[in-house]
Asks: 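Mind looking over this structure? Questions follow.
Side-chain atoms are counted along with the backbone in the values below, which use heavy atoms only and exclude waters and symmetry mates. Numbers restart at 1 for each chain; the letters A, B, ... are given by sequence-line order, proteins then strands.
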There are 2 protein chains.
Amino acid sequence: MRSGRITIADVARAAGVSKGAVSFALNQRPGVAVDTRERILRVAADMGWTPDQRARALSTSRALAFGLVIARPPEILAEDAFFPALIAGVEAELVNSGYVLVLQVVTPEGEHDGYRRLARDGRVDGVLLTDLRADDSRIPLLQSLSLPAVTLNRTGSASPFPAIMVDDTPAVTAAVRHLIDLGHRDIAHVGGPKGYVHVVARRTAWAQTLAAAGLPTGELVEGNFSARGGASATRRLLDGPHPPTAIVYASDIMAIAGLAAARERGLDVPRDLSVVGFDDTPLAAHVHPALSTARTDVFGWGRAATKALVTLASGRAQPDVQCPPAELILRDSTGPPRRRRVAAEPSTRSEQGSQE
Amino acid sequence: MRSGRITIADVARAAGVSKGAVSFALNQRPGVAVDTRERILRVAADMGWTPDQRARALSTSRALAFGLVIARPPEILAEDAFFPALIAGVEAELVNSGYVLVLQVVTPEGEHDGYRRLARDGRVDGVLLTDLRADDSRIPLLQSLSLPAVTLNRTGSASPFPAIMVDDTPAVTAAVRHLIDLGHRDIAHVGGPKGYVHVVARRTAWAQTLAAAGLPTGELVEGNFSARGGASATRRLLDGPHPPTAIVYASDIMAIAGLAAARERGLDVPRDLSVVGFDDTPLAAHVHPALSTARTDVFGWGRAATKALVTLASGRAQPDVQCPPAELILRDSTGPPRRRRVAAEPSTRSEQGSQE
DNA sequence: ACTTGCTAATAAACCGGTTTAGAGGCTGGT
DNA sequence: ACCAGCCTCTAAACCGGTTTATTAGCAAGT
């Protein structure tokens, strides 16, 4: 008889009330006298009862879970510190909220199906939208699935969902300004795959800062946030007709690979080339030379986004949220450029580059 | 009336059968004639009906989800490529299995509570146990919660759960042997926090290979899998009374930080110091010098573990599984040691080290 | 012709909560 | 003294599936 777990009926019986009363007491709803409520809760605590979330989920038609669909290719996913940090932040906010995080890693083609599955099976009450694209097809999709969401950053197209934003611009602008102040005139950018709003934001900040300083447009290479991509983008720039004296990367991983690529070519960082990353991976401070980079509080971003999603899921309105912007961390990978204006002969570089 | 979603009752009505018949047809259980089953499934498909997993979860007292509790401190978590790769593998196996992954990131102190919450709320049907410790308190905990589990690697103490194993030993043994063959005699090891079975495995392989070759025990420093830890462990070794000519690290991140630390000291890798990592992070091939390291198929490991967990959760027996072992990848961070036997004077190193 | 034995299908109970409709008891106004 | 109105609490319906007990129908065995 006393076989399985304790149910609400057991508690009701023990407290001498009905199931409904226990439910009301538990959910602190009016209709239960204060002392009755307390007695019920005490009995429940004594018996070690907590409501079964499955039953709860069914009767309230809620899942008590949020979804995070990650559509990055495994290689990129494995290198990037973003998701672990984000997830840690999400969890920090979720603990004791009664919600839980359901993760789904999918291929880029399977992305929509991922959301559809979560919605169809009633697995989640809302989702976090990361890696936002300028015109993001997931927004209409989620609307049609009537699945609430918050977006990390703001998409270009109209969105009915609250945006939780971190502005990358200030750090990139500061980085480029810093390089200009050091005397650099040829500042290239290794960005990410086009379409992503953070990629666009970083690229735009770079381009506009150059333009504002009256400098010519720098060279732009599209990377893919992988080490391999960072290395080959760097080689392309360094082997090009007009190699830059500084490169601003859209990620630390690409920048770190860039460091190695420069070294391969016999270049010394920061003497021959200045390098700036983005993310402030824990590793950034521990490569040689220590990487100057932009830091964002991804953990806090995850927290803020999750908090907003909880609000939204409980039916309350949720305005957009502006998180602290990215900030520039200067370390040892940036310095004044080598004077090269004097003689246009490429002797220095070719001599060393030929070692490779 | 036709308000919300389609339920099993709607399908039953449309197909002219009872709810039970639809359920039986759906779950391919005997008791439904073949043509009836087909008709039901066709009607269901036409109506676009899929069973609500919440309702299913309640009536079958299953959650149709698995849990992964991660207890690493955020800093370590953010750097390490292990979890993203593992999770990608888990998801690859989970897609279309009907199961979903519930993630929980907790502090080391909150670890047990994490499992308790998942069990108490009936959120998951089983868990994956990673970062296994030699005597792991989670095993008795899960037994007392009667939560099925599979362990990634085998714990030291008795365990009723299937172990899905990847043997790190061969790669570390091969690495040390390789270094010995190159002529190294002072081979240090930067390990991980004690207690973890993979940490022990790597350390043991290193120590035993040295012993088998008749070499003295090398120096051992306990790292923490962080870049910072790798850097300071390396400095400790290099600044010690008897600096090694080669260091075998328990992770790539520590090894990469070690590369930078060596450089700081004016040492050239591999001329003055050979370095071997572990993990084969995508970055490993793109640092300078490209890192020799040990590769394990973490993605495949996650898949295998998940497959085993699905079997286990369906009530079938699941034996232990042996996955392919780690394999040594040789790149450019290992080479013959500088001859130092000739003269015991430490001139070479001190001269360069003093640059710092 | 009459059990016996199957198979196919249904009705109803069940999972463990939430929620609604309504019953009783008490207070207060007139 | 009586009814309205409120508060407290209960019984029962409900969420959307699964599962069990039972019935109907039909072929085979004697």
Asks: Check A:E93 with A:R303, please: is the shortest side-chain N to carboxylate O separation under 4.0 Å?
Replies: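 Yes, this pair counts.
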Asks: Whether B:R54 contacts D:dG17 is assessed here as follows: a side-chain N or O lying under 4.0 Å from the phosphate OP1 or OP2. Is that the case?
Replies: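 B:R54 to D:dG17 OP1/OP2: no side-chain N or O under 4.0 Å.
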Asks: Can you tell me if the side-chain N/O atoms of B:S23 get under 4.0 Å from OP1 or OP2 in D:dT18?
Replies: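 It does, given that an N or O in the side chain of B:S23 lies less than 4.0 Å from OP1 or OP2 of D:dT18.
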Asks: Output the rounded distance in Å from CG (B:N27) to C1' (D:dT19).
Replies: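 Going from CG in B:N27 over to C1' in D:dT19 covers 11 Å.
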Asks: Supply the atom-to-atom distance B:T7 OG1 to B:K19 NZ, rounded to the nearest 0.5 angstrom.
Replies: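 It comes to 7.5 Å.
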Asks: How long is the straight-line distance from CZ of A:R54 back to OG of B:S61, given to the nearest 0.5 Å?
Replies: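 The CZ atom of A:R54 is 6.0 Å from OG of B:S61, to the nearest 0.5 Å.
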Asks: Distance from A:D80 atom CG to A:I70 atom CD1, nearest 0.5 Å?
Replies: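 Between atom CG of A:D80 and atom CD1 of A:I70 there are 10.0 Å.
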Asks: D:dC15, OP1 or OP2 - any side-chain N/O from A:R56 closer than 4.0 Å?
Replies: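 Result: no.
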Asks: Check every strand shown and say whether B:S61 touches a base, only sugar-phosphate, or nothing at a heavy-atom separation below 4.0 Å.
Replies: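 No contact.
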Asks: Extract from the structure each pairing of a protein N or O with an N or O of nucleotides 5-11 of chain D at less than 3.5 Å, listing the distance.
Replies:
residue: D:dC9; atom: OP1; partner: A:T36; partner atom: OG1; Å: 2.7
residue: D:dC9; atom: OP2; partner: A:A33; partner atom: N; Å: 2.7
residue: D:dC9; atom: OP2; partner: A:T36; partner atom: OG1; Å: 3.3
residue: D:dT10; atom: OP2; partner: A:S18; partner atom: N; Å: 2.9
residue: D:dT10; atom: OP2; partner: A:S18; partner atom: OG; Å: 3.2

Asks: Of A:R117, A:R116, A:R138, which is the lone residue that meets salt bridge (charged side-chain N to carboxylate O under 4.0 Å, His left out) with A:E111?
Replies: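 That would be A:R138; it is the only one of A:R117, A:R116, A:R138 passing the salt bridge (charged side-chain N to carboxylate O under 4.0 Å, His left out) with A:E111.
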Asks: What's the separation between atom CD1 in B:I164 and atom CD in B:Q318, rounded to the nearest 0.5 Å?
Replies: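 Reported value, rounded in 0.5 Å steps: 5.5 Å.
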Asks: Which whole-number value in Å describes the distance from A:R62 CZ to C:dG17 P?
Replies: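 Going from CZ in A:R62 over to P in C:dG17 covers 15 Å.
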Asks: Quickly work out the A:Q53 CD to D:dC15 C1' distance and round it to whole Å.
Replies: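 The answer, rounded to whole Å, is 16 Å.
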Asks: Can you tell me which nucleotide in C:dT19, C:dT18, D:dT19 comes closest to the side chain of A:S59?
Replies: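 Selected nucleotide (nearest to the side chain): C:dT18.
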Asks: Find the distance B:R123:CZ to C:dG17:P and express it as a whole number of Å.
Replies: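 The answer, rounded to whole Å, is 14 Å.
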Asks: Give a yes/no on whether any side-chain N or O of A:T7 is located under 4.0 angstrom from OP1 or OP2 of C:dG16.
Replies: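 A:T7 to C:dG16 OP1/OP2: no side-chain N or O under 4.0 Å.
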Asks: Taking atom P of C:dC15 as reference, at what distance in whole Å does atom CG of B:D121 sit?
Replies: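 After rounding, the reported distance stands at 20 Å.
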Asks: Nearest-Å distance, CZ (B:R120) to P (C:dG16)?
Replies: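 So the two atoms are 16 Å apart, to the nearest Å.
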Asks: Quick one: list whatever passes ring pair (Phe, Tyr, Trp, His ring centres under 6.0 Å) with B:Y99, sequence neighbours left out.
Replies: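 Once residues adjacent in sequence are excluded, the partners of B:Y99 under the ring pair (Phe, Tyr, Trp, His ring centres under 6.0 Å) criterion are B:F66.
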Asks: Could you state the atom-to-atom distance from CD1 of A:I6 to P of C:dG17 in whole Å?
Replies: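 Distance check: A:I6 CD1 to C:dG17 P gives 10 Å.
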Asks: Taking only side-chain N and O atoms of B:W49, does any of them lie within less than 4.0 angstrom of OP1 or OP2 on D:dG16?
Replies: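 Looking at the OP1 and OP2 atoms of D:dG16, neither is under 4.0 Å from any side-chain N or O of B:W49.
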Asks: From CG of B:L58 over to C1' of D:dT18, roughly how many Å is that when rounded to an integer?
Replies: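 Going from B:L58 (CG) to D:dT18 (C1'), I get 10 Å.
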